[in-house]
J.: 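Pasting a structure here, questions to come.
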Amino acid sequence: MIHNKTISELSRGLAAGEYSSVELTTHFLKRIENLDSNYNSYITVTAEQALNEAQAADARRAAGNATPWTGVPFAHKDIFCTQGVRTTCGSRMLENFIPPYDSTVAANFKQHGAVCLGKTNMDEFAMGSSNETSYYGRVTNPWGTDLVPGGSSGGSAAAVAARLAPGATATDTGGSIRQPAALCGLTGIKPTYGRVSRLGMIAFASSLDQGGTLTRTAEDSAMMLNVMASYDPKDSTCIDRDVPDYTATLNQSLKGLKIGLPAEFFSEHLDPEMQTQVQNAIRELEKLGATLKEIRLPHSHLSVPAYYVIAPAECSANLSRFDGVRYGYRCDNPQDLQDLYLRSRSEGFGDEVKRRILIGTYALSAGYYDAYYRKAQQVRRLIKQDFDNAFGEVDIIAGPTSPSPAFAFGSKGNDPVKMYLEDIFTISTNLAGLPGMSVPAGMIGGLPIGMQLIGNYFDEARLLNAGHQFQQVTDWHTKAPSGIDA
Ligand code: GLN
């Protein structure tokens with residue numbers, strides 16, 4: 001079945017003339033039409049535009065200037081601005097927002113002639129770990145009708161797991177690529193902060209947000225990152241540094257690779273089954289020639305509290321632009337300016353977004369700034385130093401991605417703190433600005449789980465290499481949920 005092929009297989013098939021991009025695109029569009037009512041993974045499907053792009057890609061290939069991506073279909077998380085195509089960020093606030101420009105990430109894919117199938121569902125403004133906060137309805141995990149796909153990039157993850165796209169863009173502020181990857185049996189990488197341009201990627205928490213990939217294999221993530229990573233002078237936090245060909249080093253041996261295992265990630269709080277599975281996965285890396293070393297990240301227990309001051313603080317500033325005046329949702333019949341602001345924001349934002357704005361505004365207010373925001377930034381520095389020390393001894397760090405496999409809808413929704421703890425293993429990476437990756441590493445009760453690999457700054461190639469080598473000797477990444485070939 002064509003939809004079971006990976007991005008790299010589809011790319012080779014197109015190059016060999018086994019099918020055209022129009023055929024491929026039509027196949028995926030039909031699947032979305034027939035099956036996505038089960039998952040709700042797309043907010044907007046851009047069928048007509050996708051077919052036009054596919055035609056153009058076929059013509060470009062015929063003219064002899066195709067790249068590996070020319071004609072390959074994929075999907076964008078609905079947080080990346082796409083010129084002329086509605087971009088909602090999962091919010092009522094942007095229900096009718098049609099960006100007049102492309103995000104740099106979207107422009108990069110266009111330049112390669114890739115075919116965008118549509119925009120995927122997500123937690124509102126990327127706030128959440130279960131995709132239950134989207135204004136456009138929750139997303140179902142293809143592994144079980146009562147299960148969340150993770151969040152906030154749950155639509156991208158569900159679409160790839162259900163074979164409604166071979167890969168999708170995503171973003172990760174505290175875990176939103178790695179956690180849904182783990183819960184849906186996928187591979188995902190959040191690059192180093194500054195590796196992928198944030199221009200046109202709607203901001204949640206600017207010092208933490210980073211674009212990345214959701215695919216089935218590490219090789220496919222390398223292919224996606226080859227397109228996504230670029231220096232962008234229009235994003236002042238984007239780093240001017242050569243982008244390596246991430247596919248070129250996938251086959252390197254792992255002999256001598258030093259892997260650190262943080263004692264804090266394998267504490268008695270970790271579910272024993274999860275502990276066993278992740279340790280088995282790490283043993284596979286050891287068999288491939290890696291050496292293991294226990295390390296300490298002594299401040300990691302402070303990452304969730306620090307994040308839930310810093311991220312809401314930045315979100316409260318970023319989301320102040322949605323005021324009903326310039327763009328976005330505007331309430332009916334405002335009585336005066338105050339009423340316009342008040343009701344547009346009350347009606348346009350959902351509960352979780354409001355909760356974050358309230359927390360963030362409080363943490364930044366004059367009397368509390370020092371006690372909360374400055375303190376959290378100091379803790380952030382300690383967390384970064386823990387990693388700096390660790391990377392003095394090891395090349396990569398391994399552990400679990402999430403505390404448990406996919407959980408049931410509603411099971412954490414009433415308790416925000418419970419939900420926030422979903423990212424206990426992923427958040428420290430964002431606070432330090434490091435790259436992190438999740439690869440399928442086992443099954444618990446028939447549900448996929450992930451192993452997280454964390455790298456030093458700009459060491460994405462090493463993570464992808466380790467992930468790819470792992471996938472040469474394991475088959476967790478080939479497991480598919482049942483019912484997808486219906
Ligand atoms: N789950 C975390 C949050 O709700 C992280 C979200 C993200 O990475 N965008 O903030």
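Remember, predicted model here, so these are calculated numbers, not experimental data. Residue numbers count from 1 along this sequence. In each ligand, atom 1 is the first atom listed, and ligand 1 is the first ligand listed.
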J.: Test E422 against K412 for salt bridge (charged side-chain N to carboxylate O under 4.0 Å, His left out), laying out the working first.
T.: CA-CA 10 Å; E422 260 304 292; K412 301 191 187 195; 3.1 Å; yes

J.: Could you tell me if S221 and T215 have a donor-acceptor pair between their side chains, going purely by distance under 3.5 Å?
T.: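 The answer is yes; a qualifying pair exists.
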
J.: Got the residues with a heavy atom under 4.0 Å of ligand 1, by chain and number?
T.: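 Ligand 1 pocket, heavy atoms under 4.0 Å: A126, M127, G128, S129, S152, D172, T173, G174, G175, S176, F204, Y307, Y308, R356, D423.
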
J.: When you check the gap from the basic side-chain N to the acidic O, do D209 and R198 get nearer than 4.0 Å?
T.: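 Salt bridge: no.
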
J.: May I ask you to say whether D351 pairs ionically with R355, meaning some side-chain N is under 4.0 Å from a carboxylate O?
T.: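 So D351 does not pair with R355 through a salt bridge.
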
J.: Of R178, K77, K190, which is the lone residue that meets salt bridge (charged side-chain N to carboxylate O under 4.0 Å, His left out) with D172?
T.: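 Only match with D172 under salt bridge (charged side-chain N to carboxylate O under 4.0 Å, His left out): R178.
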
J.: Residues in side-chain hydrogen bond (donor to acceptor under 3.5 Å, both in side chains) with K418, at least two apart?
T.: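 Counting only residues at least two positions away or on another chain, K418 forms no side-chain hydrogen bond (donor to acceptor under 3.5 Å, both in side chains).
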
